[in-house]
Amino acid sequence: MKRLSLVAAITSVFVLAACGSSSAVPAETELTVFAAASLTGTFTELGKQFEAAHPGTKVTFNFGSSATLAQQITQGAPADVFAAASPATMKTVADAGLAGTQTVFVKNKLEIAVPPDNPAKVENLKDLTDPKVKVALCAAQVPCGAAAVRALGAAGIEVTPVTLEQDVKATLTKVELGEVDAALVYRTDVIASAGKVSGIPFPEADQAVNDYPIATLKDASPLAQQFVDLVLSPQGEDVLTKAGFEAP
């Protein structure tokens, strides 16, 4: 009788062990990347490539105005990587002691975005000064807005916008919806619109080029640097330059 009890007890131990091992599913590793709104398309693609190369890893993105993202990070929002649309917004994070080594990985310049039929007949930057032309700009405190201020200053003109938006995607949307006649947005966003807007280059854009820095953040996942390495790699450069970004 005792022997039977012993066998039953041993059998129970093995059954419990087997059950425990079958339910031990590896936890998914999450990597959180804060990135400028203008990087939405390219970083989403790179995120998929990263996940494919690192099974069990989920890359979560927070896209938005670099100024807003920098503020969120300094206020304690958890993030592993920050890719900003200007050195100034990265400096906010670095000055708080939260950013590691920064590397400029691309440059971006402005174009005038207009509806495909260009109803206001905009041809150059000076046309935006016409009070009959409804213009959208990014707010001056965000990188695309700061670039617009520099470009308009280089042209020696003033433009009175009908709206100031908090990031470049919101500014572009105003044109796509036909709510404005023109907007100053990045060349990459014109390309990403896939024909919803037309882009008009202008020479003063060369004096308002934005550098994009990327850095891992304090207490980041060990995978953070690997994601940065992907962005800096020839593979990452290929994705970014096809989208209209320029090499640094």
* Do V93 and L217 pass the side-chain contact (heavy atoms from CB on, under 4.5 Å) test, and can you show the C-alpha distance, the side-chain angles, and the key distance before you say yes or no? -> CA-CA 9 Å; V93 177; L217 298 176; 3.8 Å; yes
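- By the 4.5 Å heavy-atom criterion applied to side chains, E246 and T241 are not counted as neighbours.
- When side chains are defined from C-beta on, K196 does not count as touching P116, because their heavy atoms never get closer than 4.5 Å.
- Looking at heavy atoms from C-beta onward, E165 lies out of side-chain contact with L137 at the 4.5 angstrom threshold.
- Side-chain contact between V33 and D80: absent, with no pair of heavy atoms (C-beta onward) separated by less than 4.5 Å.
- Residue H54 holds its NE2 atom at 5.5 Å from CG of L223, rounded to the nearest 0.5 Å.
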* Worked check of side-chain contact (heavy atoms from CB on, under 4.5 Å) between L110 and E204 -> CA-CA 9 Å; L110 298 175; E204 293 84 2; over 6 Å; no
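- Put simply, the side chain of D127 gets close to the backbone of N124: a donor and an acceptor are under 3.5 Å apart.
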* **L172 and Y186: CA distance, side-chain angles, deciding distance, side-chain contact (heavy atoms from CB on, under 4.5 Å) verdict** => CA-CA 9 Å; L172 183 71; Y186 295 122; over 6 Å; no
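- The pair D181-K134 fails the salt-bridge criterion, with no side-chain N (NZ, NE, NH1 or NH2) lying under 4.0 Å from an Asp/Glu carboxylate O.
- Formation of a donor-acceptor pair under 3.5 Å by the D189 side chain with backbone atoms of V185 is not found in this model.
- Contact annotation: the side chain of L69 approaches that of N62 to within less than 4.5 Å [non-hydrogen atoms, C-beta and beyond].
- Of the listed residues (F105, F82, F34, F43), just one forms a ring pair (Phe, Tyr, Trp, His ring centres under 6.0 Å) with F227, and that residue is F43.
- Contact of the T60 side chain with the L31 side chain is not registered, since no non-hydrogen atoms from C-beta on lie closer than 4.5 Å.
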* To do: Please step through side-chain contact (heavy atoms from CB on, under 4.5 Å) for the pair N108 and Y212, ending with a clear verdict.
  => CA-CA 8 Å; N108 209 354; Y212 282 51; 3.1 Å; yes
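- Counting only heavy atoms from C-beta outward, the side chains of V122 and I200 approach each other to under 4.5 Å.
- Between the side chain of Q166 and the main chain of C138, no donor-acceptor pair closer than 3.5 Å is present.
- A salt bridge does not link E30 with K58: none of the charged nitrogens is closer than 4.0 Å to a carboxylate oxygen.
- Contact annotation: the side chain of Q235 approaches that of L230 to within less than 4.5 Å [non-hydrogen atoms, C-beta and beyond].
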